[in-house]
Protein chains: 2
Amino acid sequence: MNTLAYGLLGLVARTPSSGYDLMLQLQPYWQAKHSQIYPLLAKLEHNGYMQFTRVHQTDRPDKKVYSITEKGKTALKLWLAEPTAEPVARDELVLKACCLSFADARTSRALFHERIDHCREQLQMYQHIMQEIEQQSEGSPNDPSHPSFGDYILLSWGCRRMQEDIKWCEWVLELLEKKNQE
Amino acid sequence: MNTLAYGLLGLVARTPSSGYDLMLQLQPYWQAKHSQIYPLLAKLEHNGYMQFTRVHQTDRPDKKVYSITEKGKTALKLWLAEPTAEPVARDELVLKACCLSFADARTSRALFHERIDHCREQLQMYQHIMQEIEQQSEGSPNDPSHPSFGDYILLSWGCRRMQEDIKWCEWVLELLEKKNQE
DNA sequence: ACCACCATGTAACAAGTTACATGATTAA
DNA sequence: TTAATCATGTAACTTGTTACATGGTGGT
């Protein structure tokens with residue numbers, strides 16, 4: 001049982017879903033490809049944490065809808081109380097910034113403009129999902145007992161972060177421009 | 001040549017260093033164990049991006065000090081101009097937050113208190129390194145041509161982020177407390 | 001016709017972690 | 001004497017990515 005396995009278990013605990021759907025739900029929070037998810041689900045089912053029913057669809061391919069078992073729910077609650085692993089960030093920009101003095105002015109500027117664009121895209125995506133869950137929960141997303149409370153706080157975190165990162169990039173660009181004017 | 005390889009190349013370009021030293025320098029920016037770094041350095045040397053000299057030490061074990069070659073410098077500059085990979089974050093807290101409605105009040109609160117502690121530790125570390133490079137560069141860390149400019153902007157980014165993350169955790173804890181009082 | 005989306009899976013590979021291995025110096 | 005720091009390496013394993021494989025539906 002690794003972190004991703006518990007993540008899938010947590011999503012399935014909220015809403016029974018297919019592997020494909022879990023992959024999409026997971027995207028904003030933990031990037032994982034379907035090739036990693038499908039074997040994990042099979043393993044979780046094999047070990048009794050989940051069960052699935054094959055759902056026939058006429059217009060689309062059939063799907064396996066996974067739902068949590070009692071054993072799965074117990075494991076999930078134990079996991080939530082266990083100490084949380086420290087976050088790991090892998091950002092190529094950070095490594096490039098480390099040797100920024102070897103880049104020419106144009107390259108340096110492009111680096112942070114590129115990041116601003118990326119942050120704006122992410123921000124839009126977060127705001128879009130936020131609107132969706134606000135409509136679904138009809139104005140009570142700040143109720144901790146509501147299933148979408150987790151999404152609500154995570155999305156507002158994402159928005160905050162992206163806004164701050166944009167500000168940081170703009171600050172760096174100012175420092176870079178200053179040098180260029182001299 | 002993967003991202004970590006370029007990261008090592010970038011550090012070596014600034015200051016010739018041993019594998020052990022590179023591992024320590026890299027820690028704040030990209031977590032990598034020595035078991036990943038040593039074979040990579042050997043590969044980089046084998047492919048002509050770096051060279052090393054064995055430095056004898058009396059009080060400590062001998063070390064291999066790596067320095068960049070012309071081929072390495074060329075590769076480094078090309079990398080800096082290439083499009084940057086999107087950042088990847090893997091944070092167990094995010095997955096736990098997704099199914100926060102399955103946790104009891106005590107467990108939920110502990111989760112965010114734990115994160116606040118972690119952020120405070122990180123913040124202290126960043127501030128400490130910041131002070132060191134401020135002393136080294138004697139009040140000109142905001143000069144983009146200075147080799148420590150990269151560290152300066154990255155550390156201030158780290159500080160900003162940790163401060164914002166603490167604020168976010170405190171906001172979440174307020175929402176959790178509110179519910180508890182009702 | 002071609003592309004995107006839905007849906008599931010495997011195989012090969014790359015990246016990263018943990019454990020094994022050695023050995024000197026120095027501080028508590 | 002016990003642990004931490006310096007210093008380098010390999011082996012086994014886990015995690016994550018890319019590519020291979022299949023096939024129907026719906027839009028441009």
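As a basis for the values below, the full set of heavy atoms in this structure was taken, side chains included, without hydrogen atoms, waters or symmetry mates.
Side chain of B:Q57, nearest nucleotide from C:dA15, D:dT25, D:dA7: D:dA7. In this structure, of C:dA15, C:dA7, C:dA11, it is C:dA15 that holds the atom nearest to the side chain of B:N2. If you check D:dG9, D:dG26, D:dA7 against the side chain of A:D59, the one that comes closest is D:dG26. For A:W30, whose side chain is taken as the heavy atoms from C-beta onward, the closest listed nucleotide among C:dT10, D:dT25, D:dG16 is D:dG16. Proximity note for A:H34 (side chain, C-beta onward) versus C:dT8, C:dT18, D:dT8: the nearest is C:dT8. Of the listed nucleotides (C:dT18, C:dA7, C:dG16), C:dT18 has the atom at the smallest distance from the side chain of B:S35. When each of D:dT8, C:dG9, C:dG16 is scored by its nearest atom to the side-chain atoms of B:L4, the top-ranked nucleotide is C:dG16. With D:dA7, C:dC6, C:dT8 as the choices, the nucleotide that has an atom nearest any side-chain atom of A:Y38 turns out to be C:dT8. In the set C:dT17, D:dT10, D:dA19, C:dT17 carries the atom at the smallest distance from any side-chain atom of B:K33.
Atom pair A:Y66:OH and C:dA7:C1' shows a separation of 12 Å (rounding to whole Å applied). One interatomic measurement links the two molecules: NZ of B:K43 to P of D:dG9, which rounds to 16 Å at whole-angstrom precision. Taking atom CG of B:D62 as the reference point, atom C1' of C:dT25 lies 14 Å away to the nearest angstrom. Put simply, CD on B:Q36 is 20 Å from P on C:dC20, counting in whole angstrom units.
For the pair A:R115 and A:D91, the salt-bridge criterion is met [side-chain N within less than 4.0 Å of a carboxylate O]. A salt bridge does not link B:R161 with A:E164: none of the charged nitrogens is closer than 4.0 Å to a carboxylate oxygen. Using a cut-off of 4.0 Å between Lys/Arg side-chain N and Asp/Glu carboxylate O, B:E170 and B:K167 are scored as not salt-bridged.
Looking at heavy-atom distances under 4.0 Å, B:R54 makes no contact with the nucleic acid at all.
Counting heavy atoms from C-beta outward, A:Q122 and A:P28 have side chains that stay 4.5 Å or more apart.
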